[in-house]
Amino acid sequence: MSEKQLRRSLAVLPMSTVIALTDLTARQIRYYETQELVHPKRNDGNRRRYSLNDVDRLLEIKDGLASGMDFATMRKLTAKKEAVAEKKKVSDTHARRVLEAEMQQLAGMRPAHPSLRQHL
DNA sequence: TTTCTCACA
DNA sequence: TGTGAGGA
């Protein structure tokens, strides 16, 4: 794993930062956690600490939901993203492209390019 | 002051 | 999901 990816995985962001970055409410962010969509770490006084990866996962969830997807679907997609990233050891941005391709299909929008299907 | 958990109208 | 209580 590259140093860049390690930094992206460092959970150092407090709720306030995540809220500013995602435009979600603290309530929603915590709720998504119960839905297994993100897995922030706990530090000092039981406070959640998010990583940059968590943040853009939250952003993906946000517009995924805005595109009409339900939680069950989002959970499958985020789980698949992790599986793909882990299995193929690909970059996060690559895994994100795969995820976006799926979201568009499931949202009944544009189908994924044939070049991306090989990754699904 | 910020975030946490729990519970409810 | 929003909001308020009661703590840390």
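Lettering follows sequence order; numbering is per chain, from 1. Computed from a predicted structure; not experimentally measured.
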Once you measure the plane-to-plane angle for A:F71 and A:Y31, does it fall in the parallel (<30°), tilted (30-60°) or perpendicular (>60°) bin?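 Geometry flag for A:Y31 against A:F71: perpendicular rings.
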Now, which nucleotide makes the Watson-Crick or G-U wobble pair with C:dA8, with each of the two distances under 3.5 Å?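 Per the H-bond distance test, B:dT2.
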If pairing requires Watson-Crick or G-U wobble contacts with both distances under 3.5 Å, which nucleotide is the partner of C:dG2?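 Looking at the geometry, C:dG2 pairs with B:dC8.
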Set out, in order, the CA-CA distance, both residues' side-chain angles and the distance that settles side chain to side chain contact (heavy atoms under 4.5 Å, CB included) for A:M15 and A:I29, then state yes or no. CA-CA 8 Å; A:M15 270 297 271; A:I29 296 171; 4.1 Å; yes
Please tell me if A:T25 has a side-chain N or O lying less than 4.0 Å from either OP1 or OP2 of C:dT1.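 The answer is no; no side-chain N or O of A:T25 sits under 4.0 Å from OP1 or OP2.
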Give a yes/no answer on whether the side chain of A:R30 brings an N or O atom under 4.0 Å of OP1 or OP2 in C:dG2.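 So the side chain of A:R30 is outside the cut-off, no N or O lying under 4.0 Å from OP1 or OP2 of C:dG2.
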Determine, step by step, whether A:N46 and A:R42 satisfy the side chain to side chain donor-acceptor pair (under 3.5 Å) criterion, reporting the C-alpha distance in whole Å, the side-chain angles of both residues, the deciding distance to 0.1 Å, and the verdict. CA-CA 5 Å; A:N46 195 39; A:R42 298 300 188 117; 3.1 Å; yes
Round to a whole Å and report the spacing from [atom1] of [X] to [atom2] of [N].
X     : N     : atom1 : atom2 : result
A:N43 : B:dT3 : CG    : P     : 14 Å
A:I19 : C:dG2 : CD1   : P     : 11 Å
A:D70 : C:dT1 : CG    : P     : 12 Å
A:L24 : C:dT1 : CG    : P     : 8 Å
A:L13 : B:dT2 : CG    : P     : 17 Å
A:R27 : C:dG4 : CZ    : P     : 13 Å
A:Y50 : B:dT3 : OH    : P     : 10 Å
A:I29 : B:dC4 : CD1   : P     : 9 Å

Atom of A:I61, atom of A:M74 and distance for their closest heavy-atom approach: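 So the two residues come closest at CA-CE, 3.4 Å.
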Looking at A:T22 and A:L59, what are the two nearest heavy atoms and their distance?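 Answer, listing the atom of A:T22 first, then A:L59: CA-CD2, 3.7 Å.
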Options B:dT3, C:dG2, B:dT5, nucleotide nearest the side-chain atoms of A:N46: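 Nearest to the side-chain atoms of A:N46, counting from C-beta on, is B:dT5.
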Return yes if the base of B:dT3 and the side-chain atoms of A:R48 contain a donor-acceptor N/O pair under 3.5 Å, otherwise no.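 No such pair is found, so the answer is no.
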Here's a test of your reading of the structure: between A:F71 and A:R47, which maps to the more 5' nucleotide of DNA chain C?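 Nearest-nucleotide comparison on DNA chain C picks A:F71.
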Classify the nucleic acid contact of A:R49 as base, sugar-phosphate or nothing, counting any heavy atom under 4.0 Å across all strands shown.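 Counting heavy atoms under 4.0 Å across all strands, no contact is made by A:R49.
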